[in-house]
Amino acid sequence: MLCRDLLPMIALPSAADLLDWYDRHARDLPWRIAPDDRRAGIVPDPYHVWLSEIMLQQTTVAAVRDYYRAFLARWPNVEALAAADLDDVLRAWAGLGYYSRARNLKACAEMVARDHGGRFPDSEDALRALPGIGAYTAAAIAAIAFDARAAVVDGNVERVMARLFRIETPLPDAKPEIRAAMDRLTPADRPGDFAQAVMDLGATLCTPRRPACALCPWSQACAGRHAGVAETLPLKAPKKAKPTRRGAAFVARRSADGAILLRKRPAKGLLGGMAEVPGTPWSETFDPSSAAGLAPFPAGWRVQPAPVRHIFTHFHLELSVLVADLAEPLPLPDAHWWSAPGELAGEALPTVMRKVVAAGTG
DNA sequence: AATCCGTGGCG
DNA sequence: TCGCCAAGGAT
(Lines give C-alpha, C1' and ligand atoms only; values in the text may rest on other atoms or scores of the structure.)
Protein backbone atom coordinates (compact mmCIF):
# COMPACT_ATOMS: atom_id res chain seq x y z
CA MET A 1 0.00 0.00 0.00
CA LEU A 2 2.30 2.67 -1.28
CA CYS A 3 -0.31 5.35 -0.94
CA ARG A 4 -0.90 4.58 2.73
CA ASP A 5 2.81 4.98 3.39
CA LEU A 6 3.01 8.33 1.69
CA LEU A 7 -0.25 9.98 2.68
CA PRO A 8 -2.79 9.60 5.42
CA MET A 9 -6.04 8.16 4.13
CA ILE A 10 -8.28 11.07 3.34
CA ALA A 11 -11.98 10.54 2.90
CA LEU A 12 -13.56 12.13 -0.13
CA PRO A 13 -15.74 15.13 0.71
CA SER A 14 -19.38 14.55 -0.10
CA ALA A 15 -22.20 17.01 -0.64
CA ALA A 16 -24.46 14.72 1.39
CA ASP A 17 -22.29 15.10 4.50
CA LEU A 18 -22.42 18.85 4.27
CA LEU A 19 -26.17 18.98 3.56
CA ASP A 20 -26.75 16.78 6.61
CA TRP A 21 -24.81 19.28 8.69
CA TYR A 22 -26.75 22.16 7.11
CA ASP A 23 -30.08 20.50 7.95
CA ARG A 24 -29.06 20.60 11.60
CA HIS A 25 -27.12 23.87 11.78
CA ALA A 26 -28.41 26.27 9.13
CA ARG A 27 -28.52 29.83 10.43
CA ASP A 28 -31.93 31.51 10.57
CA LEU A 29 -31.69 34.45 8.17
CA PRO A 30 -34.54 36.76 7.12
CA TRP A 31 -34.08 35.94 3.42
CA ARG A 32 -33.54 32.22 3.85
CA ILE A 33 -36.03 29.37 3.49
CA ALA A 34 -35.19 26.94 6.30
CA PRO A 35 -33.94 23.56 5.01
CA ASP A 36 -37.02 21.72 6.34
CA ASP A 37 -39.33 24.12 4.54
CA ARG A 38 -37.22 24.04 1.39
CA ARG A 39 -37.39 20.25 1.24
CA ALA A 40 -41.14 20.48 1.84
CA GLY A 41 -41.37 22.37 -1.43
CA ILE A 42 -41.45 25.96 -0.24
CA VAL A 43 -39.55 28.06 -2.77
CA PRO A 44 -37.96 31.44 -2.12
CA ASP A 45 -39.11 34.60 -3.89
CA PRO A 46 -36.42 35.46 -6.46
CA TYR A 47 -36.85 39.14 -5.57
CA HIS A 48 -35.96 38.36 -1.96
CA VAL A 49 -32.97 36.28 -3.00
CA TRP A 50 -31.73 38.95 -5.38
CA LEU A 51 -32.16 41.82 -2.90
CA SER A 52 -30.34 39.93 -0.16
CA GLU A 53 -27.51 38.86 -2.46
CA ILE A 54 -26.86 42.41 -3.67
CA MET A 55 -26.81 43.69 -0.10
CA LEU A 56 -24.52 40.87 1.00
CA GLN A 57 -21.84 41.68 -1.58
CA GLN A 58 -18.74 42.37 0.52
CA THR A 59 -21.03 43.09 3.45
CA THR A 60 -21.66 41.16 6.65
CA VAL A 61 -24.97 39.54 7.57
CA ALA A 62 -25.18 41.72 10.69
CA ALA A 63 -24.90 44.90 8.64
CA VAL A 64 -27.50 43.76 6.10
CA ARG A 65 -30.36 42.50 8.29
CA ASP A 66 -32.09 45.80 9.09
CA TYR A 67 -31.54 47.27 5.62
CA TYR A 68 -33.03 44.14 4.05
CA ARG A 69 -36.14 44.33 6.22
CA ALA A 70 -36.54 48.05 5.58
CA PHE A 71 -36.23 47.67 1.81
CA LEU A 72 -38.67 44.76 1.72
CA ALA A 73 -41.20 46.66 3.82
CA ARG A 74 -40.97 49.76 1.63
CA TRP A 75 -40.60 48.07 -1.77
CA PRO A 76 -42.25 44.63 -1.42
CA ASN A 77 -41.68 43.57 -5.02
CA VAL A 78 -39.52 44.36 -8.01
CA GLU A 79 -42.22 46.46 -9.67
CA ALA A 80 -42.40 48.73 -6.64
CA LEU A 81 -38.63 49.14 -6.61
CA ALA A 82 -38.60 49.81 -10.34
CA ALA A 83 -41.10 52.62 -9.81
CA ALA A 84 -39.17 54.11 -6.89
CA ASP A 85 -37.25 57.37 -6.99
CA LEU A 86 -33.49 56.75 -7.19
CA ASP A 87 -32.84 59.34 -4.50
CA ASP A 88 -35.21 57.50 -2.17
CA VAL A 89 -33.26 54.30 -2.81
CA LEU A 90 -29.96 56.07 -2.13
CA ARG A 91 -31.32 57.54 1.09
CA ALA A 92 -32.47 54.10 2.19
CA TRP A 93 -29.07 52.61 1.26
CA ALA A 94 -27.06 55.30 3.08
CA GLY A 95 -24.57 53.74 5.50
CA LEU A 96 -24.40 50.36 3.79
CA GLY A 97 -21.52 51.32 1.48
CA TYR A 98 -20.60 50.54 -2.12
CA TYR A 99 -23.26 52.92 -3.38
CA SER A 100 -23.01 51.78 -6.99
CA ARG A 101 -24.91 48.75 -5.72
CA ALA A 102 -27.90 50.97 -4.96
CA ARG A 103 -27.75 52.60 -8.39
CA ASN A 104 -27.47 49.20 -10.07
CA LEU A 105 -30.23 47.83 -7.85
CA LYS A 106 -32.62 50.42 -9.22
CA ALA A 107 -31.42 49.91 -12.81
CA CYS A 108 -31.78 46.14 -12.46
CA ALA A 109 -35.30 46.42 -11.06
CA GLU A 110 -36.28 48.63 -13.98
CA MET A 111 -34.81 46.15 -16.45
CA VAL A 112 -36.57 43.18 -14.87
CA ALA A 113 -39.86 45.07 -14.83
CA ARG A 114 -39.57 46.37 -18.38
CA ASP A 115 -37.72 43.62 -20.25
CA HIS A 116 -38.66 40.52 -18.28
CA GLY A 117 -42.29 41.16 -17.36
CA GLY A 118 -41.44 41.64 -13.70
CA ARG A 119 -39.96 38.17 -13.30
CA PHE A 120 -36.29 37.49 -12.77
CA PRO A 121 -34.74 35.27 -15.47
CA ASP A 122 -33.79 31.81 -14.23
CA SER A 123 -30.54 31.18 -16.12
CA GLU A 124 -27.09 32.24 -15.01
CA ASP A 125 -26.36 33.89 -18.35
CA ALA A 126 -29.52 35.99 -18.36
CA LEU A 127 -29.02 36.99 -14.73
CA ARG A 128 -25.40 37.85 -15.42
CA ALA A 129 -26.54 40.36 -18.04
CA LEU A 130 -28.40 42.45 -15.46
CA PRO A 131 -26.71 45.44 -13.80
CA GLY A 132 -25.02 44.67 -10.50
CA ILE A 133 -25.15 40.91 -11.07
CA GLY A 134 -21.78 39.26 -11.65
CA ALA A 135 -20.61 35.66 -11.67
CA TYR A 136 -21.19 35.04 -7.98
CA THR A 137 -24.63 36.66 -7.72
CA ALA A 138 -25.89 35.05 -10.94
CA ALA A 139 -24.91 31.61 -9.70
CA ALA A 140 -26.36 32.26 -6.24
CA ILE A 141 -29.74 33.40 -7.56
CA ALA A 142 -29.90 30.55 -10.10
CA ALA A 143 -29.11 27.96 -7.44
CA ILE A 144 -31.08 29.34 -4.49
CA ALA A 145 -34.14 30.76 -6.25
CA PHE A 146 -34.36 28.46 -9.30
CA ASP A 147 -32.77 25.21 -8.13
CA ALA A 148 -30.13 25.30 -10.87
CA ARG A 149 -26.90 23.32 -10.44
CA ALA A 150 -24.67 26.39 -10.47
CA ALA A 151 -21.22 26.66 -8.89
CA VAL A 152 -21.54 29.45 -6.34
CA VAL A 153 -18.16 30.90 -5.41
CA ASP A 154 -17.72 33.71 -2.92
CA GLY A 155 -14.96 34.48 -0.41
CA ASN A 156 -16.19 31.80 1.98
CA VAL A 157 -16.27 29.16 -0.73
CA GLU A 158 -12.75 30.11 -1.81
CA ARG A 159 -11.47 29.61 1.70
CA VAL A 160 -13.30 26.30 2.24
CA MET A 161 -12.22 24.85 -1.12
CA ALA A 162 -8.61 26.00 -0.72
CA ARG A 163 -8.42 24.20 2.62
CA LEU A 164 -10.47 21.15 1.68
CA PHE A 165 -8.30 20.41 -1.36
CA ARG A 166 -5.12 22.06 -0.04
CA ILE A 167 -4.92 24.50 -2.92
CA GLU A 168 -1.72 26.45 -2.33
CA THR A 169 -1.81 28.65 -5.39
CA PRO A 170 -2.22 32.24 -4.16
CA LEU A 171 -5.41 34.12 -4.97
CA PRO A 172 -6.48 35.38 -7.40
CA ASP A 173 -4.60 32.87 -9.58
CA ALA A 174 -6.33 30.04 -7.72
CA LYS A 175 -9.81 31.12 -8.77
CA PRO A 176 -10.23 28.75 -11.74
CA GLU A 177 -9.04 25.78 -9.71
CA ILE A 178 -11.35 26.70 -6.83
CA ARG A 179 -14.32 27.15 -9.14
CA ALA A 180 -13.70 23.76 -10.70
CA ALA A 181 -13.57 22.17 -7.26
CA MET A 182 -16.85 23.76 -6.22
CA ASP A 183 -18.43 22.77 -9.53
CA ARG A 184 -17.44 19.12 -9.05
CA LEU A 185 -18.85 19.06 -5.53
CA THR A 186 -22.14 20.81 -6.26
CA PRO A 187 -25.00 18.27 -6.40
CA ALA A 188 -27.93 18.31 -8.82
CA ASP A 189 -30.25 17.89 -5.85
CA ARG A 190 -30.51 20.89 -3.51
CA PRO A 191 -27.77 22.98 -5.18
CA GLY A 192 -29.03 26.14 -3.49
CA ASP A 193 -28.92 24.65 0.00
CA PHE A 194 -25.50 23.21 -0.79
CA ALA A 195 -24.16 26.62 -1.76
CA GLN A 196 -25.59 28.19 1.38
CA ALA A 197 -24.17 25.30 3.41
CA VAL A 198 -20.63 25.93 2.16
CA MET A 199 -21.01 29.64 2.85
CA ASP A 200 -22.41 28.97 6.33
CA LEU A 201 -19.52 26.59 6.96
CA GLY A 202 -17.05 29.31 5.99
CA ALA A 203 -18.85 31.92 8.11
CA THR A 204 -19.20 29.83 11.27
CA LEU A 205 -16.57 27.03 11.39
CA CYS A 206 -14.07 27.35 8.54
CA THR A 207 -13.28 30.93 9.55
CA PRO A 208 -10.25 32.91 8.38
CA ARG A 209 -8.56 32.56 11.78
CA ARG A 210 -8.78 29.68 14.25
CA PRO A 211 -11.11 27.42 12.26
CA ALA A 212 -13.18 25.04 14.39
CA CYS A 213 -12.05 21.89 12.58
CA ALA A 214 -13.25 19.65 15.43
CA LEU A 215 -16.84 20.60 14.63
CA CYS A 216 -16.51 20.47 10.84
CA PRO A 217 -18.49 17.85 8.91
CA TRP A 218 -15.69 17.77 6.32
CA SER A 219 -12.77 17.52 8.75
CA GLN A 220 -11.99 13.90 7.77
CA ALA A 221 -11.92 14.92 4.12
CA CYS A 222 -9.88 18.09 4.58
CA ALA A 223 -6.45 17.87 2.98
CA GLY A 224 -5.44 21.20 4.48
CA ARG A 225 -6.22 20.00 7.99
CA HIS A 226 -4.39 16.71 7.47
CA ALA A 227 -1.34 18.65 6.29
CA GLY A 228 -1.59 21.07 9.21
CA VAL A 229 -1.87 24.09 6.93
CA ALA A 230 -5.62 24.74 6.91
CA GLU A 231 -5.43 27.99 8.85
CA THR A 232 -2.82 29.40 6.46
CA LEU A 233 -5.06 28.93 3.42
CA PRO A 234 -5.99 30.44 1.10
CA LEU A 235 -2.72 32.16 0.25
CA LYS A 236 -3.15 35.68 -1.11
CA ALA A 237 -1.07 38.06 -3.14
CA PRO A 238 0.37 40.89 -1.01
CA LYS A 239 -1.71 44.03 -0.78
CA LYS A 240 -0.72 47.54 -1.63
CA ALA A 241 -0.42 50.21 1.03
CA LYS A 242 -3.18 52.80 1.22
CA PRO A 243 -2.15 56.42 0.64
CA THR A 244 -3.62 59.22 2.74
CA ARG A 245 -5.70 61.88 1.05
CA ARG A 246 -6.61 65.12 2.74
CA GLY A 247 -9.17 67.84 2.22
CA ALA A 248 -11.47 70.28 3.95
CA ALA A 249 -15.21 70.03 4.64
CA PHE A 250 -17.35 73.05 5.45
CA VAL A 251 -20.29 72.71 7.83
CA ALA A 252 -22.46 75.77 7.31
CA ARG A 253 -25.13 76.00 9.99
CA ARG A 254 -28.18 78.24 9.65
CA SER A 255 -28.55 80.09 12.96
CA ALA A 256 -32.34 80.18 12.89
CA ASP A 257 -32.88 76.42 13.03
CA GLY A 258 -29.48 74.70 12.92
CA ALA A 259 -30.03 73.44 9.38
CA ILE A 260 -26.90 72.24 7.53
CA LEU A 261 -26.00 73.16 3.95
CA LEU A 262 -25.74 70.08 1.73
CA ARG A 263 -25.06 69.37 -1.90
CA LYS A 264 -25.17 66.31 -4.15
CA ARG A 265 -22.08 64.48 -5.36
CA PRO A 266 -21.64 63.56 -9.04
CA ALA A 267 -23.78 60.61 -10.10
CA LYS A 268 -20.90 58.17 -10.56
CA GLY A 269 -17.60 57.38 -8.90
CA LEU A 270 -16.76 57.63 -5.22
CA LEU A 271 -19.97 58.00 -3.17
CA GLY A 272 -21.76 58.63 -6.46
CA GLY A 273 -25.14 60.32 -6.15
CA MET A 274 -24.85 60.70 -2.39
CA ALA A 275 -25.08 63.88 -0.31
CA GLU A 276 -22.22 65.81 1.27
CA VAL A 277 -21.36 69.14 2.83
CA PRO A 278 -19.42 71.53 0.57
CA GLY A 279 -15.72 70.81 0.52
CA THR A 280 -12.47 70.75 -1.38
CA PRO A 281 -11.31 67.87 -3.54
CA TRP A 282 -9.37 65.21 -1.62
CA SER A 283 -5.73 64.79 -2.60
CA GLU A 284 -2.43 63.51 -1.25
CA THR A 285 -0.91 66.98 -1.61
CA PHE A 286 -3.61 68.98 0.17
CA ASP A 287 -2.26 71.47 2.71
CA PRO A 288 -4.58 71.66 5.76
CA SER A 289 -3.32 75.14 6.66
CA SER A 290 -4.80 76.43 3.41
CA ALA A 291 -8.32 75.21 4.25
CA ALA A 292 -9.89 78.48 5.43
CA GLY A 293 -8.99 80.17 2.16
CA LEU A 294 -10.85 77.53 0.18
CA ALA A 295 -14.27 78.06 1.75
CA PRO A 296 -17.22 78.15 -0.67
CA PHE A 297 -18.26 81.62 0.61
CA PRO A 298 -16.99 84.07 3.23
CA ALA A 299 -18.15 83.44 6.79
CA GLY A 300 -16.67 83.14 10.22
CA TRP A 301 -15.14 79.73 9.59
CA ARG A 302 -13.74 78.04 12.66
CA VAL A 303 -11.41 75.10 12.29
CA GLN A 304 -12.42 72.14 14.43
CA PRO A 305 -9.55 70.87 16.56
CA ALA A 306 -9.55 67.26 15.32
CA PRO A 307 -9.82 66.20 11.68
CA VAL A 308 -12.29 63.49 10.68
CA ARG A 309 -10.50 60.28 9.73
CA HIS A 310 -12.12 57.68 7.55
CA ILE A 311 -10.83 54.60 5.76
CA PHE A 312 -12.05 53.82 2.25
CA THR A 313 -11.22 50.71 0.30
CA HIS A 314 -8.09 52.13 -1.27
CA PHE A 315 -7.12 55.25 0.69
CA HIS A 316 -7.18 56.88 4.11
CA LEU A 317 -8.95 60.21 4.38
CA GLU A 318 -8.25 63.11 6.76
CA LEU A 319 -10.78 65.91 6.52
CA SER A 320 -10.28 69.26 8.21
CA VAL A 321 -13.71 70.38 9.38
CA LEU A 322 -14.60 74.06 9.38
CA VAL A 323 -17.79 75.40 10.89
CA ALA A 324 -19.67 78.66 10.47
CA ASP A 325 -22.98 79.89 11.85
CA LEU A 326 -24.90 81.97 9.33
CA ALA A 327 -27.34 84.55 10.67
CA GLU A 328 -28.15 86.07 7.29
CA PRO A 329 -29.99 83.98 4.68
CA LEU A 330 -27.50 82.85 2.06
CA PRO A 331 -28.29 82.97 -1.66
CA LEU A 332 -28.53 79.21 -2.06
CA PRO A 333 -25.81 77.94 -4.43
CA ASP A 334 -26.95 75.79 -7.33
CA ALA A 335 -27.79 72.17 -6.43
CA HIS A 336 -27.46 72.89 -2.71
CA TRP A 337 -30.14 72.68 -0.03
CA TRP A 338 -30.63 73.20 3.68
CA SER A 339 -31.30 70.14 5.80
CA ALA A 340 -32.91 70.78 9.17
CA PRO A 341 -31.83 68.67 12.15
CA GLY A 342 -34.94 66.53 11.91
CA GLU A 343 -34.33 65.82 8.23
CA LEU A 344 -30.64 65.00 8.45
CA ALA A 345 -31.11 61.37 9.43
CA GLY A 346 -33.10 60.74 6.26
CA GLU A 347 -30.56 62.29 3.88
CA ALA A 348 -28.38 60.19 1.56
CA LEU A 349 -25.34 60.94 3.68
CA PRO A 350 -22.55 58.35 3.57
CA THR A 351 -20.92 57.51 6.87
CA VAL A 352 -17.91 59.74 6.32
CA MET A 353 -20.23 62.75 5.93
CA ARG A 354 -22.19 61.83 9.05
CA LYS A 355 -18.87 61.93 10.88
CA VAL A 356 -18.18 65.39 9.43
CA VAL A 357 -21.58 66.73 10.47
CA ALA A 358 -21.14 65.24 13.94
CA ALA A 359 -17.70 66.85 14.24
CA GLY A 360 -19.11 70.18 13.13
CA THR A 361 -22.22 70.22 15.31
CA GLY A 362 -21.12 68.28 18.39
C1' DA B 1 -5.50 42.64 -15.48
C1' DA B 2 -5.48 46.00 -12.23
C1' DT B 3 -7.93 49.45 -10.10
C1' DC B 4 -11.83 51.57 -8.17
C1' DC B 5 -15.59 51.25 -5.06
C1' DG B 6 -17.66 51.70 1.96
C1' DT B 7 -18.27 50.19 6.19
C1' DG B 8 -17.98 47.82 10.58
C1' DG B 9 -16.28 44.19 13.51
C1' DC B 10 -12.68 41.40 14.97
C1' DG B 11 -8.30 39.91 17.38
C1' DT C 1 -3.75 50.71 16.88
C1' DC C 2 -3.89 48.24 12.83
C1' DG C 3 -4.49 44.91 9.37
C1' DC C 4 -7.80 41.72 7.86
C1' DC C 5 -11.88 40.66 5.70
C1' DA C 6 -17.10 40.19 4.59
C1' DA C 7 -22.66 36.10 0.21
C1' DG C 8 -18.18 41.15 -5.50
C1' DG C 9 -19.02 44.06 -9.72
C1' DA C 10 -17.71 47.38 -13.22
C1' DT C 11 -14.39 49.18 -16.10
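Numbered from 1 within each chain, the chains take letters A, B, ... in sequence-line order. Bear in mind the structure is a predicted one, so any value in this text is a computation, not a measurement.
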C/dA7 and B/dC4: how far apart are their P atoms, nearest whole angstrom? 24 Å

Taking A/R149 first and then A/D183, would you say they form a salt bridge - that is, a charged N and a carboxylate O separated by under 4.0 Å? yes

Side-chain N or O of A/H310 versus OP1/OP2 of B/dT7: is the shortest distance under 4.0 Å? yes

Can the ring centres of A/F312 and A/H314 be said to be less than 6.0 Å apart? no

Assess whether a salt bridge exists between A/R32 and A/D28, defined as any Lys/Arg side-chain N lying under 4.0 Å from an Asp/Glu carboxylate O. no

Here the distance between atom C1' of C/dG8 and atom CG of A/L56, to the nearest Å, is 11 Å

Is the shortest side-chain N to carboxylate O distance from A/E177 to A/R179 below 4.0 Å? no

Using a cut-off of under 3.5 Å, enumerate the N/O to N/O pairs linking the protein to nucleotides 2-5 of chain C.
{"unit_1": "C/dC5", "atom_1": "OP2", "unit_2": "A/K239", "atom_2": "NZ", "d": "3.3"}

Using whole Å, what does the distance between atom P of nucleotide C/dG9 and atom CH2 of A/W93 come to? 13 Å

Distance flag, aromatic centroids of A/W50 and A/F120, threshold under 6.0 Å: yes

If you pin A/A62 and A/G97 to their nearest nucleotides in DNA chain B, which one's is more 5'? A/G97

Value in whole Å for how far the P atom of C/dG8 lies from CG of A/L96: 13 Å

What is the separation between atom CD on A/Q196 and atom P on C/dA7, rounded to the nearest whole Å? 13 Å

Starting at atom CZ of A/R65, determine the distance to atom P of B/dT7, rounded to an integer number of angstrom. 22 Å

Would you please test A/W337 and A/K264 for side-chain contact (heavy atoms from CB on, under 4.5 Å) and show each step? CA-CA 9 Å; A/W337 71 95; A/K264 190 171 184 175; 4.2 Å; yes

Any ion pair linking A/R159 and A/D154 (charged N to carboxylate O, less than 4.0 Å)? no

Rounded interatomic separation in angstrom, taking CG from A/L171 and C1' from C/dG8: 13 Å

Going by an N to O cut-off under 4.0 Å, is there a salt bridge joining A/K175 and A/E158? yes

Sorted by position of nearest nucleotide on DNA chain B, 5' first, the leading residue of A/R210 and A/L349 is A/L349

Counting heavy atoms from C-beta on, name the nucleotide in C/dA10, C/dA7, B/dT7 closest to the side chain of A/A203. C/dA7

note: A/K268, atom NZ; C/dG9, atom P; distance rounded to Å ~ 18 Å

Salt bridge A/R190-A/D147, side-chain N to carboxylate O under 4.0 Å: no

Just to confirm, is there a sub-4.0 Å distance from OP1 or OP2 of B/dG8 to any side-chain nitrogen or oxygen of A/T351? yes

Hey, what are the protein-to-nucleotides 3-5 of chain B N/O distances that come in under 3.5 Å?
{"unit_1": "B/dT3", "atom_1": "OP1", "unit_2": "A/K240", "atom_2": "NZ", "d": "3.3"}
{"unit_1": "B/dC5", "atom_1": "OP1", "unit_2": "A/L270", "atom_2": "N", "d": "3.4"}
{"unit_1": "B/dC5", "atom_1": "OP2", "unit_2": "A/H314", "atom_2": "NE2", "d": "2.5"}

According to a strict under-4.0 Å criterion, is A/Q58 in side-chain N/O contact with OP1 or OP2 of C/dG8? yes

What's the OH-P distance between A/Y136 and C/dG9, to the nearest Å? 8 Å

Of A/I133 and A/E53, the one whose closest nucleotide on DNA chain C sits nearer the 5' end is A/E53

Assess whether a salt bridge exists between A/R263 and A/D334, defined as any Lys/Arg side-chain N lying under 4.0 Å from an Asp/Glu carboxylate O. no

P atom, C/dT11 versus B/dG6: distance in rounded Å? 14 Å

